[in-house]
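Step one of this worksheet: look at the structure below.
In this text, all values refer to a predicted model and were calculated from it rather than measured experimentally. The chains referred to below are lettered A, B, ... by the order of the sequence lines, with proteins before strands, and numbering in each begins at 1.
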Amino acid sequence: MANTKGELTVTGVNHSYGTGKLRVPVLFDINLHINRGEFVALCGSSGSGKSTLLNLLAGLTKPEEGSVTVSGEEISKFSENQLCLFRRKNMGFIFQSYNLLPNLTALENVELPLIFAGESVKKRRAKATEILNRVGLDGRIHHRPNELSGGQQQRVSIARALVNQPDIILADEPTGNLDSKTEQEILHLMREMNKENGTTFIIVTHEQEVAEQSDRVIYLQDGRVVQKRTRPA
Amino acid sequence: MKVIDSFRIVWRNLWRMKLRTALTSVGVMIGTAAIVAMMALSLGLKESAVKSLENFGNLTEMDVEPMYYNQEKDEPIPDDQRKRLNMEAVQELKKIPGIASVMPVKRLNEQAKLKVGRREGYVELVGVDVNESAAYRKNDVEKGNYLTGSPQEVVVAYDVPREMRDVEKEKREARRRNSGGGRQSDMPPDMMGGGGEGAAFNIVDKAATLVLTREYRIDDEPKFEKKELRVRVVGQLRKSENFRYSSAVYVPLSVVKELNDWVNRSRGNESDEGSPRRTREQAKKDTFEFDQMTVKVESREQVESVVKALKEKGYEVWSPARELETINKFFFVIQMVLGGIAAISLLVATIGIVNTMIMSILERTKEIGIMKVIGATVFNIRWLFLMESGFIGLIGGLAGLGMAWGAVELVNYFGASGGIMDSLNMGYGGGGPEGEPSKLAVIPAWLALFAIGFSFVIGLLAGIFPAIRASRLSALQAIRSE
Ligand SMILES: Nc1ncnc2c1ncn2[C@@H]1O[C@H](COP(=O)(O)OP(=O)(O)OP(=O)(O)O)[C@@H](O)[C@H]1O
Ligand SMILES: [Mg+2]
């Protein structure tokens, strides 16, 4: 079997929310292939279905029709528990609102995925500290989220997404809450991680800046992919 | 996820909402305290009741006789269906689980006198099968050894040397007292008598004489004949609560058989020592029966089952242990009633835990979503919430146990000084046999462990529904919620 790690394939996906008269179709006939190590921006106007598509890729939502294959596994057929295990091993998430656990320190937040994976205290502490240093948070690892700035919190959440060394990182407007200077820093950091580890990044974004720095931009309009632009070399 | 890590997370969550954790555990605490305290009280009362019973004799030792009357059918058991106390019966009894050993005895039909030096005392000759009874009595030997089978050896009960009196000296002293006026009247009477507890003297390894007297009639004139047996006291048993053996002198079975023959023999029979007697003795051997069998039960817990088994086999049991059944039934009912009341309070506590857990899940919906997205499995989430509610139960259980322990100490303290125990024991005649003060309530280790385990299980049960609910939350929706 070919090495399909870090690849994502979406074939013939249609998706809608609600049932009966309240049914809202959101995605229409989506076909996509994302290669390993690609840094992809998912753009489009508000309500075009970007988040919905990202959640489908993450297995957080199941497509009504069609299939989603990640790293060679058809996750759209997985059970809830299989999805949990699959995410643990293969995917990392970065949210717009950081979604750190407020009662845990930065270090503990980053350790959490490793705790669920059953990693020993020593190992996971070392790994978490290392990755936190890597994202530039060395001095503040024992602070809680409410003692950190938005940019710092997002760094923690990036560290948390990366600590399991996943093949794919999915980010929904990771810089949406940050000022443009911090946005640049975070973006730079993600790009670095992408280059260093060959991790596939899919980033939902509104910002033109993000789109410009990515390998490829996928435009969504009213639930359809209207343009797949590869960055000019 | 490692178990230790999960406990750390659970503990952290409980600590985060200390007040709610504490208040919820209070429910369990009260329920557990109620159960433990009530059980402790009824166990304590039962124990002192059983102890009082033991004053009447050792409960693990019981006398077995054939059953003469069928209680169920309400009719006497015909002679040919009655159990025979022969060696076969010994084997049958030994097979009953819980019976440690069987001692078949044949008593001398006449009272005998034991003389050692100048002291003498009335004793009861108990003939035992040396082999069978060795297993039974060997551990009871306090001084010297047990019988080995020689007909010249005897073993005496604890009280025998203590009951012996120097008759000559007593007579002399009585005479002196009469002549010497009140000069020695301040002397305690038992000192003068040479008998009683304080004046025991050692007769082990001493030569002794057994004196038997038989009465027979010639032409309706009562005549007495004496027989003396030279024996050696090889051992003395320790104090036993079985009063039926308090003045026993144990001798080999054959000795008692012979002596019984001698006692029963009429004048006429003695004259012809020919063959008829031999054959009669032969016949007697085949149908030989013991007077009584005393069995020893391995432990007090097995007494009831042994009594039941014996009755089923057609034996009658004479022992204070028969009362155990009544006591047990009585306290079983009490425990059931008290247990029922406590169970209701625990049910209420359980509902409290369920409520708290559902609240926690609502509050932590977002957290659960995040955990699911970053790698927690359905099982992980369930485990965390189950443990959380289990711990609430456990905390309540520990606190409740502590509370019950305090209550028990108080009750025992005031109960002992207030004399409640005395009035309760009046009918039985005092506290335990060793004179240790009886307790009104006791918490045995098993009860404490049970209470802790039970409260934990209550917590776990209460957590099942909330845990399943938590694990079913959709990660996406959970994350979106605020
Ligand atoms: N849970 C839901 N139930 C019903 N409709 C939904 C749900 N989630 C999204 N929608 C609808 O689906 C459409 C796409 O939503 P989605 O969140 O994917 O848009 P988006 O591209 O991420 O927009 P934004 O840039 O504002 O975040 C919208 O019309 C929205 O109203
Ligand atoms: Mg969105």
Query - Neighbour count >12 (heavy atoms, 6.0 Å) for atom CD, E130(A) - result: no

Count the heavy atoms belonging to other residues, nucleotides or ligands that lie under 6.0 Å from NZ of K2(B), then report whether that count exceeds 12.
yes

With a 6.0 Å cut-off (strictly less than), is the heavy-atom count around OH of Y17(A), excluding the residue itself, greater than 12? yes

Among residues 41-60 of chain A, those lying within the under-4.5 Å heavy-atom range of chain B are N55(A), L60(A)

>> With a 4.5 Å cut-off on side-chain heavy atoms, are V121(A) and R8(B) touching?
In response: yes

Answer key: most heavy-atom pairs under 4.5 Å with chain B among Q82(A), M91(A), R160(A) is R160(A)

Heavy-atom neighbours of R20(B) CZ exceed 12 at 6.0 Å: yes

Scored by heavy-atom pairs under 4.5 Å with chain A, the best of R12(B), Q477(B), R472(B) is R12(B)

Applying a strict 4.5 Å limit to non-hydrogen atoms, the region of I4(B) in contact with chain A is neither

From the list G375(B), S474(B), S471(B), G369(B), the residue making the most non-hydrogen contacts under 4.5 Å with chain A is G375(B)

Taking every heavy atom of N99(A) against every heavy atom of I479(B), the minimum-distance pair comes out as ND2-CG2, 3.2 Å

Can you check whether R88(A) reaches V373(B) side chain to side chain, under 4.5 Å on heavy atoms?
-> no

If one checks every heavy atom of R364(B) against chain A at 4.5 Å, the contacting part turns out to be neither

Cut-off 4.5 Å, heavy atoms of chain B, and the answer for F95(A) is side chain

One option among I115(A), L101(A), N103(A) has the most heavy-atom pairs under 4.5 Å with chain B, and it is N103(A)

### Message
Please determine whether side-chain contact (heavy atoms from CB on, under 4.5 Å) holds for the pair L104(A) and E367(B), giving the CA-CA distance in whole Å, both sets of side-chain angles, and the decisive distance to 0.1 Å.
### Response
CA-CA 11 Å; L104(A) 300 185; E367(B) 225 174 287; over 6 Å; no

Rounded to the nearest 0.5 angstrom, the CD1-CG distance for I374(B) and L112(A) is 4.0 Å

To the nearest 0.5 Å, atom CD1 of I381(B) lies from atom CZ of F116(A) at 5.5 Å

So, the part of V163(A) with a heavy atom under 4.5 Å from chain B: the answer is neither

Whatever's closer than 4.5 Å to a heavy atom in chain B on E119(A) counts as backbone

Quiz item: Any donor and acceptor pair, going by atom type alone, linking the side chain of N81(A) with main-chain N or O of V378(B) inside 3.5 Å?
Solution: yes

Original post:
So with a 6.0 Å cut-off around NZ of K18(B), is the heavy-atom count from everything else above 12?
Top reply: yes

Check your understanding: Considering residues, nucleotides and ligands other than D222(A), do more than 12 of their heavy atoms fall under 6.0 Å from its CG?
Key -> no

Note to self: Show, in sequence, the C-alpha distance, side-chain angles and deciding distance for K372(B) and E80(A), and conclude whether the salt bridge (charged side-chain N to carboxylate O under 4.0 Å, His left out) test is met.
What the structure shows: CA-CA 10 Å; K372(B) 266 187 152 177; E80(A) 170 86 354; 2.6 Å; yes

